[in-house]
**Q** 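Let me give you the structure first, and then I'll get to my questions.
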Amino acid sequence: MPSLYIDGTWTSGSGDPAEVINPFDASVIETVEQAGPDDVERAVAAARTAFDDGPWPRTPAAERADLLRRVADLLVRDKEDIARTETLDTGKTLVESRIDVDDVTAVFRYYADLAAHDAGRLVDTGKPSVVSRVVHEPVGVCALITPWNYPLLQLSWKVAPALAAGNTVVIKPSEVTPLTSVMLVRLLEEAGAPPGVVNILLGDGRSVGAPLTEHPGVDMVSFTGGLATGQAIMRAAAGTVKRVAVELGGKNPNIVFADTDFETVVDNALTAVFLHAGQVCSAGARLIVEDSLHDDLVAEIGRRAERIRLGNGLDEATESGPLVSAAHRAKIEDYVASAQAEGARLVAGGRRPEEPDLQKGFFYRPTVFADCRRDMRVVREETFGPILTVERFTTEEEAIALGNDTDYGLSGAVWTNDSGRAERVARALRHGTVWINDFGPYVPGAEWGGFKRSGNGRELGPTGLAEYQEHKHIWHNTEPAPARWFTSGGAR
Ligand code: NAP
């Protein structure tokens with residue numbers, strides 16, 4: 001089946017086909033067609049024409065909202081099928097994939113509601129004869145480039161607000177996990193997206209992503225992925241001064257004070273870092289623990305980490321799936337070796353699993369390191385895998401300093417029963433999301449994004465819609481008259 005969608009038609013790509021691999025057992029799920037340079041040109045041209053001459057940007061916002069609601073209904077209809085495909089493609093558990101589909105549905109509904117009521121604003125000029133208003137218009141053709149860890153979810157955070165605002169889009173999912181992005185485009189087609197409004201190109205970053213970021217026909221790039229790629233995209237986009245929104249990595253502190261309930265914090269610290277095998281941008285990979293609690297907490301987390309059940313994401317008994325690829329596992333093994341070489345103490349994991357049925361897949365045991373210092377590579381860099389590092393502190397100031405001692409600034413958490421302290425620490429942390437006595441939840445109505453090198457954009461919430469809008473000021477003088485600024489020529 002053709003896997004590229006350009007100008008309202010499913011089409012074959014001129015690039016080399018690629019095998020999509022199931023990380024549980026390295027089997028081939030599907031062979032997909034990929035785009036070549038001519039497909040990139042065709043997709044941008046289709047999106048350009050649909051934006052410049054087509055009905056979509058000029059469709060009333062309420063009608064665009066209707067399309068998003070129809071997509072939400074179709075996601076509900078196909079939830080099981082999509083969730084299963086996401087699990088096959090990424091390795092995550094079916095429970096997680098189902099939650100992803102629910103969240104994606106909620107995002108489409110949220111932006112449908114928001115767009116329908118997004119009327120811009122009037123500005124009081126103090127002049128009765130002037131109407132000054134700020135109207136919201138779409139940016140134009142948006143390239144949406146997404147990563148492999150939450151393929152469908154990350155795409156929905158972009159495509160729903162981009163379409164709600166009236167843009168046309170060219171989607172470039174990760175070559176590693178493209179399947180559910182194709183499914184979503186099929187739903188957008190079924191819901192009635194006009195030709196050229198939504199296009200999808202499969203292929204790798206070098207041959208499909210990069211040309212989109214440089215293309216003069218693309219007005220905006222919205223990217224989620226790693227820091228180095230984000231930097232390359234910002235450089236590439238500078239040539240045409242396109243708008244760039246980048247959502248990048250994180251190295252997220254999880255700060256625990258000793259007055260917290262022990263069982264609650266053990267349980268949540270494990271989930272914070274080991275969910276989806278740690279392949280989460282907001283993973284709580286840096287546990288920062290008050291001295292008096294440190295030894296007990298490390299021992300219990302290590303004991304529980306050793307018992308996490310790895311397996312097939314489709315098996316309901318599985319608690320964590322594999323890493324996404326052999327190459328990614330090799331990166332994780334390199335981080336483990338570097339942590340040991342730099343003197344971190346291995347408390348749990350640090351190895352591949354022994355079970356015979358896990359040998360074909362890209363599994364790695366949840367790993368815990370104590371005695372970590374902030375100068376260690378494993379503490380400073382985003383490993384994006386099942387590795388927890390533990391540091392310790394004695395004072396609140398020290399906890400804050402440690403939590404902020406990172407180039408990243410995506411998310412963090414503080415655990416304490418002292419609400420005054422919780423608020424102080426939450427305000428002092430330089431991260432885009434801070435949880436107090438929790439880790440991980442988000443809602444479509446609240447902004448998501450990073451400080452510092454975690455990115456420059458915001459997704460979700462009203463700002464997530466504004467990313468895809470030009471805010472144009474229209475000044476309407478209803479009683480025009482000569483200004484009489486230059487009077488030397490005399491008035492006629
Ligand atoms: P990645 O390697 O940076 O790739 C992301 C996307 O960019 C892929 O589609 C990739 O294509 C494409 N790409 C690669 N080089 C490109 C180029 N020169 N020009 C344009 N596109 C290019 O990231 P990943 O490994 O897929 O994802 C993991 C990263 O995403 C982590 O750092 C994680 O923290 C981050 N992330 C951040 C958030 C957030 O909300 N801030 C959410 C999820 C993930 P191919 O891979 O197909 O070649």
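Start at 1 and go down the list; that is how both ligands and their atoms are numbered.
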**Q** Taking only heavy atoms of Asp204, which atoms of ligand 1 are found under 4.0 Å from at least one of them?
**A** 47 (O), 48 (O)
**Q** Under 4.0 Å from ligand 1, counting heavy atoms only, is it the side chain of Val280, its backbone, both or neither?
**A** neither
**Q** Would you please indicate if the ring centroids of Tyr150 and His276 are separated by under 6.0 Å?
**A** yes
**Q** Give a yes or no on this: more than 12 heavy atoms of other residues, nucleotides or ligands lie within 6.0 Å of atom CZ of Arg424.
**A** yes
**Q** Kindly say whether Gly249 contributes a backbone atom to a donor-acceptor pair with the side chain of Glu382 at under 3.5 angstrom?
**A** no
**Q** What are the atoms of ligand 1, with element, lying closer than 4.0 Å to any heavy atom of Trp448?
**A** 39 (C), 40 (O)
**Q** Do Arg351's NZ or CZ and the ring of Tyr364 fall within the cation-pi criteria of under 6.0 Å and 45°?
**A** no
**Q** Measuring from non-hydrogen atoms of Gly230 to any atom of ligand 1, is the shortest distance under 4.0 Å?
**A** no
**Q** In terms of residue, atom name and distance, what is the protein heavy atom nearest to atom 25 (O) of ligand 1?
**A** Trp148 NE1, 2.9 Å
**Q** Considering only heavy atoms, does Glu382 approach ligand 1 within less than 4.0 Å through its side chain, its backbone, both, or neither?
**A** side chain
**Q** Heavy atoms only: which of Gln231, Lys172, His328 lies closest to atom 10 (C) of ligand 1?
**A** Lys172
**Q** Let me confirm one number: the CG-CZ distance from Leu402 to Arg286, rounded to the nearest 0.5 Å.
**A** 6.0 Å
**Q** Counting each atom of ligand 1 from 1 as listed, which ones have a heavy atom of Gly203 under 4.0 Å away?
**A** 47 (O)
**Q** If the contact criterion is a heavy-atom separation under 4.0 Å, does Ser174 count as touching ligand 1?
**A** yes
**Q** Under 6.0 Å between ring centres: does that hold for Trp157 and Tyr110?
**A** no
**Q** Please lay out, stage by stage, how Leu310 and Leu358 fare under the test side chain to side chain contact (heavy atoms under 4.5 Å, CB included).
**A** CA-CA 8 Å; Leu310 305 185; Leu358 303 185; 3.9 Å; yes
**Q** Atom 36 (N) of ligand 1: which of Cys281, Ser454, Ser282 has the nearest heavy atom?
**A** Cys281
**Q** List every atom of ligand 1 that sits less than 4.0 Å from any heavy atom of Gly249, numbering the atoms from 1 in the order shown and giving each element.
**A** 32 (O), 34 (O)
**Q** With a 4.0 Å cut-off, would you call Arg352 and Glu333 a salt bridge?
**A** yes
**Q** I need the atoms of ligand 1 closer than 4.0 Å to a non-hydrogen atom of Thr224, numbered in the order shown.
**A** 5 (C), 36 (N), 37 (C), 38 (C), 39 (C), 42 (C), 43 (C), 44 (C)
**Q** For atom 48 (O) of ligand 1, what's the nearest protein heavy atom and its distance?
**A** Gly205 N, 2.7 Å
**Q** Can we say Lys158 and Glu467 salt-bridge, meaning some charged N sits less than 4.0 Å from an Asp/Glu carboxylate O?
**A** no
**Q** Please state which part of Gln279 comes within less than 4.0 Å of ligand 1, counting heavy atoms only: side chain, backbone, both or neither.
**A** neither
**Q** Kindly identify the option in Ile145, Thr229, Asn149, Thr433 whose heavy atom sits closest to atom 43 (C) of ligand 1.
**A** Asn149
**Q** Thinking salt bridges, do Arg453 and Glu381 make one under a 4.0 Å N-O criterion?
**A** no
**Q** Going by the atom numbers of ligand 1, which of them fall below 4.0 Å from some non-hydrogen atom of Gly226?
**A** 1 (P), 3 (O), 23 (O), 29 (C), 30 (O), 32 (O)
**Q** Identify, by atom number and element, the atoms of ligand 1 in contact range of Gln154, meaning under 4.0 Å from any of its heavy atoms.
**A** 42 (C), 43 (C)
**Q** Regarding atom 35 (C) of ligand 1: of the candidates Ser207, Gly225, Pro151, Ala232, which has the closest heavy atom?
**A** Gly225
**Q** Suppose we measure from atom 33 (C) of ligand 1 to each protein heavy atom; which comes out shortest, and what is that distance?
**A** Phe384 CE1, 3.3 Å
**Q** Does the distance from a Lys or Arg side-chain N to an Asp or Glu carboxylate O, for Asp204 and Lys172, drop under 4.0 Å?
**A** no
**Q** Identify, with sequence neighbours excluded, every residue that meets side chain to side chain donor-acceptor pair (under 3.5 Å) alongside Ser325.
**A** none
**Q** For Pro173, take its heavy atoms, then give the atoms of ligand 1 lying under 4.0 Å from any of them.
**A** 9 (O)
**Q** Does only the side chain of Ala228 get under 4.0 Å from ligand 1, or the backbone, or both, or neither? Count heavy atoms.
**A** neither
**Q** Under a 4.0 Å heavy-atom limit, does Tyr150 contact ligand 1 with its side chain, its backbone, both, or neither?
**A** neither
